[in-house]
Amino acid sequence: MNCKVQRVYKNIRYRILTIGEQVYILDMGQSFWKSLFPLFFWMFPVFVYKVDDPKNIEKLNLPKVKQANTAGLGLLGGGIAVLIANLTRGLPSYFDIQTPRLVNMVTVIIAVILVFSLRCYISHISKKKLYQVVKPEQLSTRRLWIRPKSNRHFFLVLCIYLFFLLFPIVGFIALINYPNVMILFISMFLLFFVSFTNFMTVTEGNT
């Protein structure tokens with residue numbers, strides 16, 4: 001079935017799905033595993049909330065916001081990564097620190113926890129915003145399967161996810177043996193970017 005997807009105003013976590021005459025709210029942050037592995041959104045069914053009150057729908061998607069272009073976001077991220085690499089080519093040695101391997105491992109663990117804690121905090125704020133308009137637990141639920149908008153969309157999300165996931169993994173592994181403050185912050189930034197890749201799986205338009 002064809003589905004029209006809209007964004008919730010100033011809320012990155014939710015989508016409004018229109019299928020025929022029925023309107024649903026999709027929570028993109030409903031599953032930890034689907035947030036960690038974005039492709040799971042297309043591989044497994046999702047639960048949505050059925051909205052019957054037209055007033056609630058108007059509050060959720062007004063004023064209309066233009067959807068950010070996913071391809072542009074990926075290219076922007078790639079450009080930033082290349083720019084950082086060029087600007088800091090001769091600087092990493094200045095940020096080297098001498099710490100034991102055990103301390104480096106603890107630092108990496110703390111860094112990962114901080115990134116995902118910030119990601120969870122932003123998701124929690126989005127949930128609070130939605131609850132100001134409608135309380136999902138009071139709505140009936142349905143289970144849907146959502147497919148990619150196109151093959152191009154699928155491979156774009158896959159490439160962005162794998163490309164930006166590789167850098168923080170390599171960076172954190174390198175930090176354990178060669179601690180460097182700059183590499184730490186760059187790895188944290190890229191991991192934070194990767195943690196939002198799941199929001200690219202269901203974008204505004206038709207699917």
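No hydrogens, no waters, no symmetry mates; every other heavy atom, side chains included, goes into these values.
Taking the side chain as every heavy atom from C-beta outward, V5 and L17 approach each other to under 4.5 Å. Between S140 and R142 there is a side-chain heavy-atom pair separated by less than 4.5 Å. Counting only heavy atoms from C-beta outward, the side chains of T207 and V202 never approach each other to under 4.5 Å. By the 4.5 Å heavy-atom criterion applied to side chains, F154 and L39 are counted as neighbours. Using a 4.5 Å heavy-atom threshold, the side chains of N206 and K149 count as separate. Taking the side chain as every heavy atom from C-beta outward, R15 and F199 approach each other to under 4.5 Å.
Residues S35 and G29 approach most closely at OG-CA, 4.2 Å, considering heavy atoms. Considering all non-hydrogen atoms of both residues, P136 and Y49 come closest at O-CD2, 3.4 Å. Residue V8 comes nearest to I16 through the heavy atom pair CG2-CG1, 3.8 Å, listed as atom of the first residue, atom of the second, then distance. Nearest heavy atoms, Y14 versus S126: CE1-O, 3.7 Å. Across every non-hydrogen atom of S187 and G171, the tightest pair is OG-CA, 3.5 Å. Nearest heavy-atom pair across F167 and F163 is CD1-O, 3.2 Å.
Taken together through direct or relayed side-chain contacts under 4.5 Å among Ile, Leu, Val, Met, Phe, Trp and Tyr, L118 and I109 form parts of separate hydrophobic clusters. No continuous path of ILVMFWY side-chain contacts below 4.5 Å connects I113 to L36, so the two sit in separate hydrophobic clusters.
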CA sep, side-chain torsions, deciding dist, call: F47, D27, side chain to side chain contact (heavy atoms under 4.5 Å, CB included) | CA-CA 8 Å; F47 285 93; D27 182 0; over 6 Å; no
Can you check side chain to side chain contact (heavy atoms under 4.5 Å, CB included) on F196 and I122, steps first, answer last?
-> CA-CA 10 Å; F196 284 91; I122 294 175; 3.8 Å; yes
Does the pair L130 and R13 meet the rule for a side chain to side chain contact (heavy atoms under 4.5 Å, CB included), with working shown?
-> CA-CA 9 Å; L130 181 78; R13 177 170 170 170; over 6 Å; no
Yes or no on side chain to side chain contact (heavy atoms under 4.5 Å, CB included) for V134 and V51, after CA distance, side-chain angles and deciding distance?
-> CA-CA 9 Å; V134 61; V51 183; 5.7 Å; no
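With rounding to the nearest 0.5 angstrom, the CD1 atom of I160 is 5.0 Å from the CE atom of M200. Atom CG of L162 sits about 9.5 Å away from atom CD1 of I169, to the nearest 0.5 Å. Here the OH-OG1 distance, from Y24 to T141, works out to 10.5 Å after rounding to the nearest 0.5 Å. The CZ atom of R119 sits 11.0 Å away from atom CG of L191, with the distance rounded to the nearest 0.5 Å. For the atom pair CD1 (I25) and CG (L139), the distance works out to 6.0 Å, reported to the nearest 0.5 Å. To the nearest 0.5 angstrom, K34 atom NZ is 11.0 Å from N198 atom CG.
For CG of N151, the number of neighbouring non-hydrogen atoms (other residues, nucleotides, ligands) closer than 6.0 Å is 12 at most. Counted within 6.0 Å of NZ on K50, heavy atoms from surrounding residues, nucleotides or ligands total more than 12; the atom is thus considered enclosed. Around OH of Y131, the count of heavy atoms belonging to other residues, nucleotides or ligands within 6.0 Å exceeds 12.
Classification of the H153-W42 ring pair by plane angle, with boundaries at 30° and 60°, yields perpendicular. Taking the six-membered ring where tryptophan is involved, the planes of F37 and Y161 are perpendicular, since the angle between them exceeds 60° and thus also 30°.
The backbone N or O of C120 sits nowhere less than 3.5 Å from a side-chain atom of S123 that would complete a donor-acceptor pair.
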